[in-house]
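First up is the structure itself, then whatever we jot down about it.
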Amino acid sequence: MRLPEPRGPLSDALRDDLLTGSVSPATVDLARTTAETSADPLHDDDLQLALALCYELHYRGFDGVDDTLEWDPDLLTLRAHLERRHLAALRELTGPVPATGAPVDQQLSALIAADDGPSLSTYMAKRGTAEQWREYLTLRSVYHLKEADPHTFAIPRLSGRAKAAMVEIQADEYGGGAPERMHSELFAGMMRDLGLDAGYGALWDDAPAVAFTSVNTMSLFGLHRRWRAAALGHLACVEMTSSEPSRRYSAGLRRLGHDGTTTVFYDEHVEADAVHEQIASVDMCGSLVAEDPSLTADVLFGAACSLALDGLAACHLLGAWEAGTSALRGERALAA
């Protein structure tokens, strides 16, 4: 994957350092300053891209960047500055997420039921234009072309039934052993059908900050054992909330004339996630909390982050479209 274009002083300096193979003290200091002074880190293009650059070294890396930088101590120090600010912003976004004595699957259901974020899937089903669909898929491609990978990092940090349940869910995400059925491949096919470049990372330069905010949150949870319960709560929320929206997204594509060869990504999620819901909430999260009740709050925090960040992305997209502008980077107008 090629390195994306920088979006500010930090991502510019970090990009140069990655290409030279050494992270300078000045760039580490810049990361600390950026984290301390960012007024809105979850919408901060420079901060979020820099954090994504750090995390991507744990995935597929970048052309011309030495793989040994993945565990470079200076890079990890830089990343830690950004992670602390990112986590603080997530806490501010979700607010307190109190745990009760109820079973954790019931607490997750109650959290989801209380969510009042905008329904992007309803808009796309009824009103989304072809160009708006391309913008939506561009934003989502930052995650879906690596779908399941961020959560999968948490598997070695688990044991017993929680681990087995997560493996069961993730196996379906990876196509049950059939590479052409991997959800990332199904998403790539949908992108191509709508005239988009489906290459891994190809659309990073067009994606807004909120696209990286969501994936960075998953990566943070998956890569830190400390946040393993949040990773499971995030995944459980995704599985518990995607079946009906996927049905609506599929309907929106069919309204525009696409058939099952294009909508298979969403059709697959309608069926798979309806099954995964109970596995995720009862077997995976329930087993984790039964083993260590102190992790309940982290499970709920992860779920709350999933809901809140979906709302953040929906507000970004719908706000831009209502204003008649593109939701991607730049100021181009959208056709009616």
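Fair warning: this is a prediction, and the values are worked out from it, not measured in the lab.
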> Hey, does Tyr55 have a side-chain heavy atom less than 4.5 Å from the side chain of Leu220?
Replying inline: yes
> Would you call the rings of Phe187 and Phe265 parallel, tilted or perpendicular if under 30° counts as parallel and over 60° as perpendicular?
Replying inline: perpendicular
>> Show, in sequence, the C-alpha distance, side-chain angles and deciding distance for Met124 and Trp133, and conclude whether the side-chain contact (heavy atoms from CB on, under 4.5 Å) test is met.
In response: CA-CA 7 Å; Met124 299 304 285; Trp133 265 99; 3.5 Å; yes
>> If you apply the rule side-chain contact (heavy atoms from CB on, under 4.5 Å), what do you find for His81 with Val28, and how did you get there?
In response: CA-CA 8 Å; His81 290 309; Val28 176; 4.1 Å; yes
> Which atoms form the tightest heavy-atom contact between Thr217 and Thr213, and what is the distance?
Replying inline: OG1-O, 2.8 Å
> So do His276 and Val238 actually touch side chain to side chain, heavy atoms under 4.5 Å?
Replying inline: no
> Which atom pair, heavy atoms only, marks the closest approach of Asp193 to His258?
Replying inline: O-CE1, 4.1 Å
> Which atom names give the shortest non-hydrogen contact between Ala207 and Phe212, and what distance separates them?
Replying inline: O-CE1, 3.8 Å
> Name the one of Leu90, Val210, Asn216 that satisfies side chain to side chain contact (heavy atoms under 4.5 Å, CB included) with Leu42?
Replying inline: Leu90
>> Is it the case that the side chain of Gln132 and the backbone of Thr129 share a donor-acceptor pair, with hydrogens and angles ignored and the cut-off at 3.5 Å?
In response: yes
> Under the 6.0 Å and 45° cation-pi test, does Arg2 pair with Phe62?
Replying inline: no
> Any side-chain donor paired with an acceptor under 3.5 Å for Thr296 and Gln107?
Replying inline: no
> Rounded to the nearest 0.5 Å, what separation is found between the CG atom of Leu186 and the CD atom of Glu268?
Replying inline: 6.5 Å
> Would His316 and Leu312 count as a side-chain contact (heavy atoms from CB on, under 4.5 Å) if you check the C-alpha gap in whole Å, the side-chain angles of each, and the deciding distance to 0.1 Å?
Replying inline: CA-CA 6 Å; His316 175 84; Leu312 212 65; over 6 Å; no
> Around Glu36, counting heavy atoms of other residues, nucleotides and ligands shown, do more than 12 lie under 6.0 Å from its CD?
Replying inline: yes
> Which atom names give the shortest non-hydrogen contact between Ser214 and Arg140, and what distance separates them?
Replying inline: OG-NH1, 4.5 Å
>> Determine whether Ser141 and Leu196 satisfy the following criterion, side-chain contact (heavy atoms from CB on, under 4.5 Å), listing intermediate values before the conclusion.
In response: CA-CA 10 Å; Ser141 71; Leu196 294 171; over 6 Å; no
> Say you draw a straight line from CG of Leu51 to OG of Ser11; how long is it, rounded to the nearest 0.5 Å?
Replying inline: 11.5 Å
> Roughly how far apart are Ser287 OG and Asp292 CG, rounded to 0.5 Å?
Replying inline: 13.0 Å
> Which heavy atom in Arg15 sits nearest to a heavy atom in Pro6, and how many Å separate them?
Replying inline: CD-CD, 3.8 Å
> Which is it for His43 and Gln48 under the side-chain hydrogen bond (donor to acceptor under 3.5 Å, both in side chains) test, yes or no, and what are the steps along the way?
Replying inline: CA-CA 8 Å; His43 286 93; Gln48 290 300 327; over 6 Å; no
>> To the nearest 0.5 Å, what is the distance between CG on Leu87 and CG on Leu82?
In response: 11.0 Å
>> For the backbone of Tyr266 and the side chain of Thr263, can you confirm whether one donor and one acceptor N or O come within less than 3.5 Å of each other?
In response: no
> Could Arg228 and Phe153 be counted as a cation-pi pair, given that NZ or CZ must be under 6.0 Å from the ring centre and within 45° of the axis?
Replying inline: no
> What about Tyr249 and Tyr136, are their ring centers closer than 6.0 Å?
Replying inline: yes
> Hey, what do you get for CD (Glu277) to OG (Ser242), rounding to the nearest 0.5 Å?
Replying inline: 9.0 Å
>> When you compare the side chains of His86 and Glu83, does any donor N or O come within less than 3.5 Å of an acceptor on the partner?
In response: no
> Under a 4.5 Å side-chain heavy-atom rule over Ile, Leu, Val, Met, Phe, Trp and Tyr, are Val282 and Val289 clustered together?
Replying inline: no
>> Less than 4.5 Å apart, side chain to side chain, heavy atoms only: is that true for Pro208 and Leu328?
In response: yes
> For Arg255, does the CZ atom sit with more than 12 other heavy atoms under 6.0 Å from it, leaving out its own atoms?
Replying inline: yes
> So does Asp267 pair up with Arg254, basic N to acidic O under 4.0 Å?
Replying inline: yes
>> For a 4.5 angstrom cut-off between non-hydrogen side-chain atoms, does Pro103 reach Gln106?
In response: yes
> What pairs with Arg85 under salt bridge (Lys or Arg N to Asp or Glu O under 4.0 Å), at least two apart in sequence or on another chain?
Replying inline: Glu92
> Is the closest side-chain heavy-atom distance between Leu18 and Leu57 below 4.5 Å?
Replying inline: yes
> To the nearest 0.5 Å, what is the distance between CZ (Arg157) and CG (Leu223)?
Replying inline: 6.5 Å
> side chain to side chain donor-acceptor pair (under 3.5 Å) with Glu173: which of His151, Arg181, His183?
Replying inline: His183
> Any side-chain heavy-atom pair from Leu75 and Leu14 closer than 4.5 angstrom?
Replying inline: yes
> Shortest non-hydrogen contact from Thr94 to Ala308?
Replying inline: CG2-CB, 4.2 Å
> Which residue pairs pass the ring-ring contact (aromatic ring centres under 6.0 Å, His included) test when at least one of the two sits in residues 93-127, sequence neighbours left out?
Replying inline: Tyr123-Trp321
> Is the backbone of Ser246 close enough, under 3.5 Å, to the side chain of Ser250 for a donor and an acceptor to pair up by distance?
Replying inline: no
> Considering only heavy atoms from C-beta outward, does the side chain of Glu5 approach that of Trp204 to under 4.5 Å?
Replying inline: no
> Applying the side chain to side chain contact (heavy atoms under 4.5 Å, CB included) test to Asp46, which of Pro41, Ser38, Pro9 qualifies?
Replying inline: Pro9
> Do other residues, nucleotides or ligands put more than 12 heavy atoms under 6.0 Å from the CZ atom of Arg225?
Replying inline: no
> Hey, does the side chain of Thr37 reach the backbone of Thr33 with a donor-acceptor pair shorter than 3.5 angstrom?
Replying inline: yes
> side-chain contact (heavy atoms from CB on, under 4.5 Å) with Asp149: which residues, sequence neighbours excluded?
Replying inline: Tyr59, Lys146, Tyr174
>> Run the salt bridge (Lys or Arg N to Asp or Glu O under 4.0 Å) test on Arg7 and Asp12 for me, step by step, so that the C-alpha distance in whole Å, both residues' side-chain angles and the decisive distance to 0.1 Å come before the verdict.
In response: CA-CA 7 Å; Arg7 301 188 180 190; Asp12 192 12; over 6 Å; no
> Are Ser109 and Ser281 side-chain neighbours, meaning at least one heavy-atom pair lies under 4.5 Å?
Replying inline: no
> In terms of side-chain heavy atoms, does Thr138 have a donor or acceptor partner in Asp206 at a distance below 3.5 Å?
Replying inline: no
> Between Glu56 and Arg60, does at least one N-O distance fall below 4.0 Å, as a salt bridge requires?
Replying inline: no
>> Check whether Thr34 reaches the backbone of Leu10 with its side chain - one donor and one acceptor, N or O, closer than 3.5 Å.
In response: no
> Between Trp71 and His58, is a ring pair (Phe, Tyr, Trp, His ring centres under 6.0 Å) present by the stated rule, with each step listed?
Replying inline: CA-CA 9 Å; Trp71 297 109; His58 295 292; 4.7 Å; yes
>> Around atom CG of Asp67, are there more than 12 heavy atoms from other residues, nucleotides or ligands closer than 6.0 Å?
In response: no
> When you check the side-chain N and O atoms of Thr152 and Gln170, is any donor under 3.5 Å from an acceptor?
Replying inline: yes
